[in-house]
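To start, the structure itself, in structure tokens.
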Amino acid sequence: MSTHAAPEYQAVVAAPGFCLGVRCDEWEIHGISFLPAVAEVAPANPLAAEAARQLTAYLVDADYTFRLPLRAAGTVFQRRVWQQIAAIPTHQTRTYGEVARALDNAPRAVGQACGANPYPVVVPCHRVLASGGGLGGFARQRGGFLLDVKRWLLTHEGC
């Protein structure tokens, strides 16, 4: 994503080696995106300011608990997966298989739902790993920048 893409976000928050782009209106968060390191964008509205404040608090303290109004998104199955992921405590991980067993479904379907998560970090899909301790994918990517972000998030949380 180029630095010219920032206007589509109501806020961009700097993190170590990457940024978080926040899309929202006055009432709900529509999505959070991982961006390469770009210039921060000042919040465009009060909810964007609150999202930026909470994301910054998490970047300082991995134990921070998010309280943001997330727009309902996804299929019924995706929402069930995201609920399971949101229940994974900080400093812990689960495998795609463990999440799938809890939902009586297949690990691949869980992986696809993780990749469709519109609220990464807030709904911590980075805490879901491949069996055997491998990272698996992240945000529909199998390597590169986004796996570096996943590694950073897991290290930040002491996983």
Side-chain angles (χ1 to χ4, degrees), residues 1 8-13 15 18-35 45 47-159:
M1 183 156 294
E8 71 183 84
Y9 298 100
Q10 283 65 57
V12 174
V13 177
F18 62 97
C19 286
L20 295 162
V22 177
R23 289 185 316 279
C24 66
D25 58 26
E26 296 284 338
W27 305 277
E28 296 175 311
I29 303 295
H30 299 186
I32 297 171
S33 300
F34 292 110
L35 307 171
N45 62 44
L47 181 55
E50 181 59 17
R53 185 192 70 75
Q54 290 191 34
L55 288 166
T56 300
Y58 166 80
L59 293 168
V60 171
D61 177 7
D63 289 316
Y64 183 81
T65 300
F66 290 98
R67 289 176 186 84
L68 290 169
L70 306 177
R71 173 179 274 179
T75 65
V76 170
F77 174 72
Q78 287 171 332
R79 288 193 301 272
R80 288 180 59 222
V81 170
W82 301 336
Q83 274 186 315
Q84 285 288 315
I85 293 167
I88 301 170
T90 307
H91 313 294
Q92 294 184 29
T93 60
R94 300 288 184 272
T95 66
Y96 293 101
E98 288 170 329
V99 175
R101 279 190 294 283
L103 296 169
D104 196 27
N105 213 296
R108 183 177 301 272
V110 168
Q112 289 170 343
C114 286
N117 173 12
Y119 311 111
V121 180
V122 176
V123 176
C125 51
H126 58 275
R127 295 181 190 154
V128 183
L129 305 174
S131 60
L135 283 179
F138 191 50
R140 295 189 172 134
Q141 301 296 313
R142 302 287 301 166
F145 164 71
L146 290 173
L147 279 190
D148 291 342
V149 171
K150 185 173 185 173
R151 279 186 203 91
W152 186 90
L153 293 168
L154 290 168
T155 300
H156 177 59
E157 293 185 0
C159 295

Side chain proximity check, [X] to [Y], heavy atoms < 4.5 angstrom:
{"X": "L59", "Y": "V13", "result": "yes"}
{"X": "Y96", "Y": "L129", "result": "no"}
{"X": "L146", "Y": "F18", "result": "no"}
{"X": "D63", "Y": "H91", "result": "yes"}
{"X": "V22", "Y": "Y9", "result": "no"}
{"X": "R127", "Y": "T90", "result": "yes"}
{"X": "R151", "Y": "C159", "result": "no"}

Would the distance check show the side chain of [X] and the main-chain N or O of [Y] forming a donor-acceptor pair, the cut-off being under 3.5 Å?
{"X": "H30", "Y": "C24", "result": "no"}
{"X": "H126", "Y": "W152", "result": "no"}
{"X": "Y64", "Y": "T56", "result": "no"}

How close do [X] and [Y] get, counting heavy atoms only, and between which atoms?
{"X": "D25", "Y": "R71", "answer": "OD2-NH2, 3.5 Å"}
{"X": "A100", "Y": "P107", "answer": "CB-N, 3.5 Å"}
{"X": "A48", "Y": "N45", "answer": "N-OD1, 2.7 Å"}
{"X": "C19", "Y": "V12", "answer": "CB-CG1, 3.7 Å"}
{"X": "A109", "Y": "F77", "answer": "O-CE2, 3.5 Å"}
{"X": "I29", "Y": "A51", "answer": "CD1-CB, 3.8 Å"}

As an exercise, state the distance from [atom1] of [X] to [atom2] of [Y], rounded to the nearest 0.5 Å.
{"X": "R101", "Y": "T95", "atom1": "CZ", "atom2": "OG1", "answer": "5.5 Å"}
{"X": "E28", "Y": "L68", "atom1": "CD", "atom2": "CG", "answer": "11.5 Å"}
{"X": "T93", "Y": "E157", "atom1": "OG1", "atom2": "CD", "answer": "10.0 Å"}

Anything under 3.5 Å between a donor and an acceptor, one on a side chain of residues 81-88, the other on a protein residue two or more places apart or in another chain? List them.
| residue | atom | partner | partner atom | Å |
| --- | --- | --- | --- | --- |
| W82 | NE1 | A113 | O | 2.9 |

Legend entry - Any pair counted as salt bridge (Lys or Arg N to Asp or Glu O under 4.0 Å), so long as it reaches residues 102-112, sequence neighbours left out: none
Inset, instruction - Can you label the angle between the Y58 ring and the F66 ring as parallel, tilted or perpendicular, going by 30° and 60°? - result: tilted
Inset, instruction - Check the pair L70 / V123 against side chain to side chain contact (heavy atoms under 4.5 Å, CB included), numbers first and verdict last. - result: CA-CA 10 Å; L70 306 177; V123 176; 4.2 Å; yes
Inset, instruction - Carefully, step by step, assess K150 and L153 under the rule side chain to side chain contact (heavy atoms under 4.5 Å, CB included). - result: CA-CA 5 Å; K150 185 173 185 173; L153 293 168; 5.6 Å; no
Legend entry - For T65, all residues meeting side chain to side chain contact (heavy atoms under 4.5 Å, CB included), sequence neighbours excluded: R67
